[in-house]
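Values below: every heavy atom of this structure, side chains too, minus hydrogens, waters and symmetry copies.
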Amino acid sequence: MNSIETDTYKVHFNSKGYEELNRYIDDHNFSKIFILVDSNTHEHCLPVFMSQLQTRTEFEIIEIEAGEEFKTIETCLGVWNALSELNADRKSILLNLGGGVVTDLGGFVASTFKRGIKYINIPTSLLAMVDASVGGKTGVDLGTVKNQVGVINSGDIVLIDTTFLDTLPQNQLKSGLAEMLKHGLIKDKAYFETLTDLSALTLNDLDDLIYESVVIKNNIVTEDPNEQGVRKHLNFGHTLGHAIESYCLESENKEQLLHGEAIAIGMILECYLSAELLEFSKTDLAAITKAMHSIYKPVLFEDKDYAPIIELLKYDKKNEHGNINFVLLEAIGCPKIDCLVSNDLILEAFSYYNKSTT
Ligand code: GLY
């Protein structure tokens with residue numbers, strides 16, 4: 001697969017990616033390499049990665065605990081302290097080997113340590129390959145509210161090695177697939193339709209589909225790196241999806257959802273809102289709902305869930321002047337930003353979702 005090059009970073013794939021990484025490290029004369037892993041990627045991915053890394057530069061491994069609940073400023077404190085104790089200086093580099101928590105948190109730690117050291121993302125989950133690791137969004141959660149603290153700052157390289165997906169559980173693969181489906185819904189109907197019929201999928205096809213998703217995401221973030229306009233399209237499904245994800249994380253009566261599982265629900269709800277407010281095709285709404293249900297397990301929402309979920313919308317990062325700004329769809333491939341939605345219509349959307357699960 002060809003590399004994707006922008007003015008600020010490059011995305012390299014598979015074996016060529018390791019060649020490029022080794023060359024980059026050789027060229028930069030780093031004082032020390034730090035590799036950030038979590039307990040899962042330490043066991044399953046680090047041995048593969050180390051077998052490909054060819055360098056004489058001294059390196060250290062820093063491990064954090066695995067899971068969204070550890071995407072916190074306290075975990076950052078642990079990593080900042082480890083870097084400091086292990087004598088990291090401004091010529092050190094941090095390699096983030098992991099899923100979205102490791103790449104987001106590691107990117108933030110690197111962007112702030114000594115006011116910024118270089119970092120590279122090596123995403124090991126599908127979600128991190130097609131979304132989190134590309135475009136320079138870094139940060140941590142604040143309580144259960146997602147990604148409230150962070151900066152936009154890209155590492156020089158993203159290295160996508162799709163063989164890491166071999167060890168990934170099905171539910172994690174589906175979580176990443178949700179972001180790929182989103183890329184189809186905001187940009188490319190044919191791509192969306194291919195993704196909803198994966199019955200004849202081979203590993204080669206998966207590589208091509210991942211590549212296509214990275215191209216869609218990369219084109220958007222290159223046009224609007226600081227999310228002033230088109231980058232907001234990437235938030236389709238996320239206004240309600242993030243609120244649902246946070247609610248399920250803190251609620252005792254709900255099972256915790258993976259990011260993509262929550263975003264899939266958010267996309268159904270926001271397609272419903274699109275059909276009500278923007279004449280989005282009802283036929284497409286029905287087809288998308290059916291496709292999402294064929295992949296993701298349904299969640300039953302009850303009356304008591306709605307007020308807290310709506311309350312959580314106030315933390316959405318697209319909000320301005322107290323307004324909650326949704327990204328909705330005029331059609332598949334035609335997103336519209338800054339749409340205002342009444343709470344009554346949100347309740348109607350949940351009612352549509354609940355009925356669609358039976
Ligand atoms: N994950 C959405 C973005 O990078 O803008």
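The residues Asp316 and Lys318 are annotated as salt-bridged, a charged nitrogen and a carboxylate oxygen being separated by less than 4.0 angstrom. The pair Glu20-Arg23 meets the salt-bridge criterion, with a side-chain N (NZ, NE, NH1 or NH2) lying under 4.0 Å from an Asp/Glu carboxylate O. For the pair Lys118 and Asp156, the salt-bridge criterion is met [side-chain N within less than 4.0 Å of a carboxylate O]. Remark: Asp284 engages Lys189 in a salt bridge, criterion side-chain N to carboxylate O under 4.0 Å. Ion pairing of Lys137 with Glu227 is present here, as a side-chain N (NZ or NE/NH1/NH2) and a carboxylate O approach within less than 4.0 Å. Taking 4.0 Å as the cut-off between side-chain N and carboxylate O, Lys71 and Glu65 do not count as a salt-bridged pair.
Side-chain contact annotation: Thr57 with Lys32, donor-acceptor N/O pair under 3.5 Å absent. Side chains of Asn96 and Thr103: a donor-acceptor N/O pair is absent below 3.5 angstrom, by distance only. When only modelled atom types and interatomic distance are considered, Asp166 and Thr163 share no side-chain donor-acceptor pair under 3.5 Å. Checking His293 against Thr357 by side-chain atom types alone, no donor-acceptor pair falls below 3.5 Å. For the residue pair Lys317 / Asn235, no side-chain donor-acceptor distance below 3.5 Å is found, with atom types taken as modelled. Checking Asn121 against Ser133 by side-chain atom types alone, no donor-acceptor pair falls below 3.5 Å. Between the side chains of Asp89 and Ser31, at least one donor N or O sits under 3.5 Å from an acceptor N or O. When only modelled atom types and interatomic distance are considered, Ser154 and Thr8 share no side-chain donor-acceptor pair under 3.5 Å. In the model, Asn14 has a side-chain atom that pairs as donor or acceptor with a side-chain atom of Thr162 under 3.5 Å. Side chain to side chain, Ser246 and Lys146 fail the donor-acceptor criterion of an N or O pair below 3.5 Å. Side chain to side chain, His183 and Ser213 meet the donor-acceptor criterion of an N or O pair below 3.5 Å.
Between Phe30 and His28, the ring planes lie parallel to each other; the angle is under 30°, not in the 30° to 60° tilted range.
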Atom pairs and distances, side-chain donor-acceptor, residues 167-174, under 3.5 Å, sequence neighbours left out:
residue: Thr167; atom: OG1; partner: Phe164; partner atom: O; Å: 3.2
residue: Lys174; atom: NZ; partner: Ile295; partner atom: O; Å: 3.1

Contacts under 3.5 angstrom, residues 328-352 side chains, donor-acceptor by atom type, not counting sequence neighbours:
residue: Ser342; atom: OG; partner: Leu345; partner atom: N; Å: 3.2
residue: Glu348; atom: OE1; partner: Tyr272; partner atom: OH; Å: 2.7
residue: Tyr352; atom: OH; partner: Thr289; partner atom: OG1; Å: 2.7

Checking Lys187 against Glu212 for the salt bridge (Lys or Arg N to Asp or Glu O under 4.0 Å) test, could you report, in this order, the C-alpha distance in whole Å, the side-chain angles of both residues, the deciding distance, and whether it holds? CA-CA 11 Å; Lys187 206 68 195 171; Glu212 216 164 321; over 6 Å; no
Step by step, work out the salt bridge (Lys or Arg N to Asp or Glu O under 4.0 Å) result for Glu302 and Lys254. CA-CA 10 Å; Glu302 301 161 89; Lys254 284 274 171 298; 3.6 Å; yes
Are Lys217 and Asp131 close enough, and set up right, to give a salt bridge (Lys or Arg N to Asp or Glu O under 4.0 Å), and what steps lead you there? CA-CA 7 Å; Lys217 166 127 200 204; Asp131 186 22; 2.7 Å; yes
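Hydrophobic cluster membership for Leu86: Phe34, Leu36, Ile62, Ile64, Ile73, Leu77, Val79, Trp80, Leu83, Leu94, Val102, Leu105, Phe108, Val109, Phe113, Ile117, Tyr119, Val140, Leu142, Val149, Val151 (Ile, Leu, Val, Met, Phe, Trp, Tyr linked by side-chain heavy atoms under 4.5 Å, directly or transitively). The hydrophobic cluster around Phe70 extends to none of the other residues, as no ILVMFWY side-chain heavy atom falls under 4.5 Å of it. Cluster partners of Val101 are absent, since no Ile, Leu, Val, Met, Phe, Trp or Tyr has side-chain heavy atoms less than 4.5 Å from it.
Around the NZ atom of Lys290, the shell of radius 6.0 Å holds no more than 12 heavy atoms that belong to other residues, nucleotides or ligands. Applying the 6.0 Å contact sphere to CG of Asn253 captures more than 12 heavy atoms from other residues, nucleotides or ligands. Around OH of Tyr24, the count of heavy atoms belonging to other residues, nucleotides or ligands within 6.0 Å exceeds 12.
Between the side chain of Glu223 and the backbone N or O of Val221 there is no donor-acceptor pair closer than 3.5 Å. Side-chain atoms of Asn22 come within 3.5 Å of backbone N or O of Gln52 as a donor-acceptor pair. One N or O on the side chain of Asp188 and one on the backbone of Ala190 form a donor-acceptor pair closer than 3.5 Å. A donor-acceptor distance shorter than 3.5 angstrom exists from the side chain of Glu261 to the backbone of Leu258, with no hydrogens or angles considered.
Partners of Leu249 under the side-chain contact (heavy atoms from CB on, under 4.5 Å) rule, at least two apart in sequence or in another chain, are Thr144, Gln256.
A distance of 6.0 Å separates CD of Glu179 from CD1 of Ile263, quoted to the nearest 0.5 Å.
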